[in-house]
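Read through the structure below, which is laid out as structure tokens, and then see the notes.
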Amino acid sequence: MGFLTDMLEKAAGMNCQASNFLKVFSSLSDASTLGLLEQFAAANNPLSVTIQAANRFLLKTFCDGFRQLPPHNRHMEQSLTTGALLAIRCGHCANEMLKPGETLVHDLVYPPKPLKHHPRMAPPRPAFSQVLKASVERQDQTRGWCDRCKRYQQLSTRKTIQSIPKVLMVNTAIHSPDHKQLWSTPGWLPQEIGVVVQNGQFFCYEGSDLKYHLQRGFYDIMVYELVGMVVDINSADNQKSHLVSLINVAPSSPDPADQDQWHLFNDFLVRSTTSEEALRFDMNWKLPSILTYQAKSASHVIDDSWKENLDPSLLYYLPRGPHKSPDPTVLRNLNPTTELPRAGMPCAIDAEFVALSKAEIDIKADGTRETVRPPRLGLARVSVLRGAGPYEGLPFIDDYIACSEPVVDYLTAYSGISPGDLDRAVSKHNLVNLKVAYKKLWLLLNLGVVFVGHGLPKDFRIINIHVPRAQVVDTVDLFSHRLRSQRRLSLRFLAWYLLREEIQQNADKGHDSVEDALTALKLWRKYQEFMDAGIIESMLDDIFDRGRETNFKPPSVYKTERDTGEWRPETPGHMSVPGTPARKTVGLALLGGSNQTPPIKKDIFGSPIR
Ligand code: ZN
């Protein structure tokens with residue numbers, strides 16, 4: 001969740017996928033037990049019930065997770081929980097037991113329906129603040145074990161409130177037409193409430209009462225503002241309802257001048273809306289499921305201090321495992337004293353992926369194939385090389401990622417990953433889990449390094465990390481010739497033409513991310529030479545002239561691929577994020593051109609820059 005939040009912030013409004021978050025979420029056994037995953041959810045469970053359970057589950061998971069992190073403090077719980085002391089009294093012997101009771105989410109408890117035969121005694125419509133007070137202070141009557149009677153008895157629970165949180169979460173728990181009626185009352189939900197805790201009681205004020213108490217200044221009032229809601233929308237008859245979020249983003253802006261900026265988030269878009277519209281409900285089609293109030297004292301307060309206190313130590317260790325430590329001429333950890341990653345430091349990167357679900361492909365009558373849904377890919381290996389310094393080109397990360405999900409296709413011809421490589425029991429590599437591999441990249445990103453690679457947007461998309469453009473050098477872009485062609489040149493072709501190197505030669509072994517990252521690094525250095533010599537334009541012309549003659553393939557590949565012409569899952573444009581249906585036609589037109597291997601044009605290497 002932290003990585004996802006940071007990604008959203010860095011993306012500054014561009015859309016992000018929550019694929020890693022969802023991957024972790026769906027791997028939690030409690031999430032499936034609670035029916036929070038689509039495939040395990042009870043078919044006719046209302047969505048509002050599911051989201052309320054999900055909310056409770058997430059808050060609890062955040063608290064548990066936070067406590068496990070050093071320095072193991074309870075700040076997260078303190079921010080989210082209402083602390084109480086429960087006095088549980090036996091109805092038989094009057095023995096009283098005390099125990100702490102903490103609440104992450106308050107389920108609203110509505111007053112009972114007024115009795116029909118006493119219309120005059122019908123109570124006035126309760127205010128939201130009254131309902132909230134009753135819900136927070138709720139006293140239960142249950143049967144339970146009495147320690148003194150040594151048997152089950154009727155127990156009554158009295159709650160004394162000890163502390164209130166910074167973020168007050170409320171599940172609306174709407175069950176009856178009366179509840180819906182209440183929510184349909186215009187202006188029933190206050191945008192601001194004030195809470196006073198005194199003598200174990202929870203006093204809640206809204207509207208003119210709140211104003212009065214604030215002016216009087218007698219009580220220490222915690223003022224909350226409504227910052228977000230999940231709302232159940234039932235827009236058409238006989239259709240399943242859906243959920244949207246309504247969020248006031250102003251309190252999380254660092255600028256105190258920002259006030260009341262409500263946004264509607266649905267499955268497809270985000271649009272701004274007014275607070276009047278956001279807070280207006282209708283019993284027939286729009287009712288809230290979850291409310292979030294946040295202390296106004298916490299508005300516009302952004303704690304970014306973690307950015308100054310990053311612990312980079314993870315970068316200095318190589319994965320330890322049952323296998324022998326790597327040869328330091330092949331893989332060498334960063335030296336913490338001399339090689340601290342810093343802003344602007346170049347690092348070459350490449351990643352390999354395996355398929356976790358199969359692609360759906362239609363073969364049409366004319367023999368062309370269309371990818372209906374691309375495979376869902378998972379990170380299998382990531383390599384990061386020093387991009388400068390005495391060890392330039394030497395990897396300091398070459399992580400193989402232990403995969404807990406079944407792999408449907410190792411894509412060995414492209415990934416170089418074979419069955420067993422990602423299995424802790426049999427792998428000949430020292431495996432790391434996805435979080436460790438991810439965190440290293442995330443640390444490098446936050447330390448400001450510049451990633452050098454070939455076709456990096458695809459890698460970053462599947463790794464599920466957002467890297468700002470200023471921190472990316474992509475050799476696809478460096479060697480694009482926008483005036484002449486939209487074509488994206490392959491790493492293999494560029495390596496053959498500019499470096500006179502044949503890479504990715506062995507179709508059985510597939511790609512090697514260290515080799516690919518190193519090649520991208522050399523190409524970047526080449527590009528810099530061309531720029532310094534002022535010949536980049538003519539070089540690009542040469543590259544594209546030569547490419548046209550060879551169909552942009554090294555001659556050896558050109559010959560073999562003519563016959564095989566297989567679908568290439570790696571080709572940019574066919575990739576997609578998990579679960580996103582993308583319709584891209586993968587054409588397989590026969591390659592044209594000469595059958596002859598064209599001679600290598602040697603003269604370009606005779607340029608003065610070599
Ligand atoms: Zn008893």
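Each ligand, and each atom within it, is numbered from 1 in the order the structure gives. Quick caveat: nothing in here was measured; it's all calculated off a predicted structure.
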Check your understanding: Are any of the side-chain nitrogens in Glu96 or Arg89 under 4.0 Å away from the carboxylate oxygens of its partner?
Key -> yes
Point to revise | Heavy-atom pair with the smallest gap, counting every atom of Ser29 and Ser32 | key: O-OG, 2.9 Å
**Study point:** Donor-acceptor side-chain pairing of Ser313 and Asp311 below 3.5 angstrom
**Key:** yes
Practice item. Could you tell me whether the side chains of Asp255 and Ser253 share a donor-acceptor contact shorter than 3.5 Å? Key: no
Check your understanding: Quick one: do Lys133 and Glu137 make a salt bridge, cutoff under 4.0 Å?
Key -> yes
Revision key, fill the gap. With a cut-off of 2.8 Å, strictly less than, protein N/O/S atoms near the Zn ion (ligand 1) add up to 4
Check your understanding: Partners of Arg74 by salt bridge (charged side-chain N to carboxylate O under 4.0 Å, His left out), sequence neighbours excluded?
Key -> Glu77, Glu102
